[in-house]
Amino acid sequence: MSFLGAKSIFDQTLQDLYIEDESERKSVAFLLLEDGFGISKMDIILNKSVMIDELLLEEYVERINRQEPIQQIVGFTYFASRKFKVDKNVLIPRPETEELISIIKSLQLDQPAILDIGTGSGCLAISLALELINSEVWALDISEGALKVAMENAKSLKASVKFLHEDILKEKSTEVNLKRFDLIVSNPPYIRNLEKSQMKANVIDYEPHLALFVENDNPLIFYKRIADLGIEQLNKDGLILAEINSYLGEETRQLFEKKGYEQVEILKDFYGKDRFVKAKKGLV
């Protein structure tokens, strides 16, 4: 441990990061120093003398240079202005997914019962439990490792969520079968294996493939199951809101319409990409 000037630490970190794009390199350096060591941008501007573990910083920089996500290195990320633990067992929540929270809040649901399928870090379920007054939130995941992370996040954020270990492609437990919901929300696996070549190493090498990829010949397998679950377990006028593959927006819309859902919409994200499907349970 050493006392060093924050500006000199920042400059050395920049020099050691093997990132070609200068703005990205600076962004990563700021994130690493602030989230990993509590050194703020103001500390750097003022060249404040700060305590730093130089060996640990060197280790973190090496891991970044191996393209390990910085969120996994520091052990957390922010979602909907809240701090969530992340590790190799869960997807790192993306800013685009945060839009689901705003969309759901705009529905002004009254004391809704909500099911989150494939909860991962619990970011959606926990955020909804905290932001929707008197909501009852259930969350499922096939991964025991992911559920452990989600439960830790719920505890640290003081959110009431019922977590269950379930594989939705198989028979559901009696406990889940007996429950009825007003809203099903999900960010399921939807990236086809053929799309792997378009993805960065920091995703391919470090995030759980179980939560990312589907077979090329059945890319909507989870949406088919979610649609069937909705028919079985949504209350009258219940809704499904799920993140989708932007390449398969029309196919996803048609799937829900064929299953008997009404007012099926594909909603775009802030990049203008097809990002979510919204569907209302019909008279089926």
Side-chain angles (χ1 to χ4, degrees), residues 1-102 120-124 126-127 130-131 149-150 152-159 187 198-208 212 269-273 275:
M1 301 285 284
S2 307
F3 270 108
L4 296 169
K7 179 67 165 58
S8 64
I9 295 168
F10 178 73
D11 290 342
Q12 185 61 51
T13 303
L14 275 182
Q15 180 180 316
D16 292 342
L17 288 172
Y18 305 143
I19 300 172
E20 291 184 8
D21 183 87
E22 184 178 357
S23 63
E24 182 182 356
R25 190 165 72 252
K26 285 183 177 180
S27 175
V28 169
F30 278 126
L31 279 172
L32 176 60
L33 294 178
E34 185 160 20
D35 291 347
F37 297 92
I39 300 173
S40 69
K41 288 185 180 181
M42 187 56 66
D43 292 335
I44 294 167
I45 291 169
L46 297 176
N47 198 25
K48 183 179 177 182
S49 183
V50 295
M51 181 72 79
I52 188 77
D53 186 331
E54 295 174 81
L55 290 177
L56 184 59
L57 177 58
E58 183 179 327
E59 176 195 330
Y60 283 2
V61 169
E62 287 178 0
R63 290 169 67 181
I64 290 171
N65 288 336
R66 293 196 298 267
Q67 300 193 57
E68 185 174 350
I70 190 169
Q71 295 91 339
Q72 288 185 3
I73 292 170
V74 300
F76 67 89
T77 191
Y78 289 95
F79 182 87
S81 302
R82 296 183 178 90
K83 188 175 178 179
F84 284 84
K85 174 183 176 179
V86 293
D87 64 16
K88 64 181 181 180
N89 292 293
V90 301
L91 289 182
I92 297 166
R94 269 59 174 184
E96 300 93 316
T97 307
E98 287 188 33
E99 293 188 63
L100 267 182
I101 305 298
S102 298
S121 65
C123 61
L124 281 174
I126 292 167
S127 298
L130 292 171
E131 298 199 26
V149 173
E152 288 180 23
N153 282 325
K155 183 178 180 180
S156 66
L157 291 166
K158 297 179 173 56
N187 182 12
Q198 303 172 32
M199 302 181 70
K200 294 182 179 180
N202 63 337
V203 177
I204 294 291
D205 294 343
Y206 293 99
E207 296 198 61
L212 285 169
D269 62 19
F270 47 71
Y271 295 118
K273 285 188 173 183
R275 181 62 61 185

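Residues take their numbers from the sequence shown, with the count starting at 1. Note that the structure is a prediction, hence the values are computed from the model and not measured.
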Quick one: salt bridge (charged side-chain N to carboxylate O under 4.0 Å, His left out) pairs with a partner in residues 66-80, sequence neighbours left out? R63-E68
Residue pairs, two or more places apart or on separate chains, that pass salt bridge (charged side-chain N to carboxylate O under 4.0 Å, His left out) and touch residues 90-101: R94-E207
Would you name the heavy atoms of [X] and [Y] that are closest together and state the gap between them?
X: K7; Y: I44; answer: CB-O, 3.6 Å
X: N153; Y: K85; answer: OD1-N, 2.6 Å
X: N202; Y: P69; answer: O-CG, 3.4 Å

Quick one: does [X]'s side chain get under 4.5 Å of [Y]'s, heavy atoms only?
X: P93; Y: V86; value: yes
X: I39; Y: F10; value: no
X: Q67; Y: D205; value: no
X: L4; Y: Q12; value: no
X: L57; Y: L32; value: yes
X: L157; Y: F84; value: yes
X: I70; Y: Y60; value: no

Look up atom [atom1] in [X] and atom [atom2] in [Y], then write down how far apart they are to the nearest 0.5 Å.
X: K41; Y: E34; atom1: NZ; atom2: CD; answer: 7.5 Å
X: L33; Y: I9; atom1: CG; atom2: CD1; answer: 7.0 Å
X: I19; Y: K26; atom1: CD1; atom2: NZ; answer: 13.0 Å
X: S121; Y: D87; atom1: OG; atom2: CG; answer: 10.0 Å
X: N47; Y: M42; atom1: CG; atom2: CE; answer: 13.0 Å
X: I126; Y: K158; atom1: CD1; atom2: NZ; answer: 12.5 Å

Could you tell me whether a side-chain N or O of S127 sits under 3.5 Å from a main-chain N or O of C123, the two making a donor and an acceptor? yes
Worked verdict on I92 versus Y206 for side-chain contact (heavy atoms from CB on, under 4.5 Å): CA-CA 10 Å; I92 297 166; Y206 293 99; over 6 Å; no
Is there a side-chain contact (heavy atoms from CB on, under 4.5 Å) between L17 and N65 once you walk through the steps? CA-CA 6 Å; L17 288 172; N65 288 336; 4.1 Å; yes
Count the heavy atoms belonging to other residues, nucleotides or ligands that lie under 6.0 Å from CD of E20, then report whether that count exceeds 12. no
What pairs with S40 under side-chain hydrogen bond (donor to acceptor under 3.5 Å, both in side chains), at least two apart in sequence or on another chain? D43
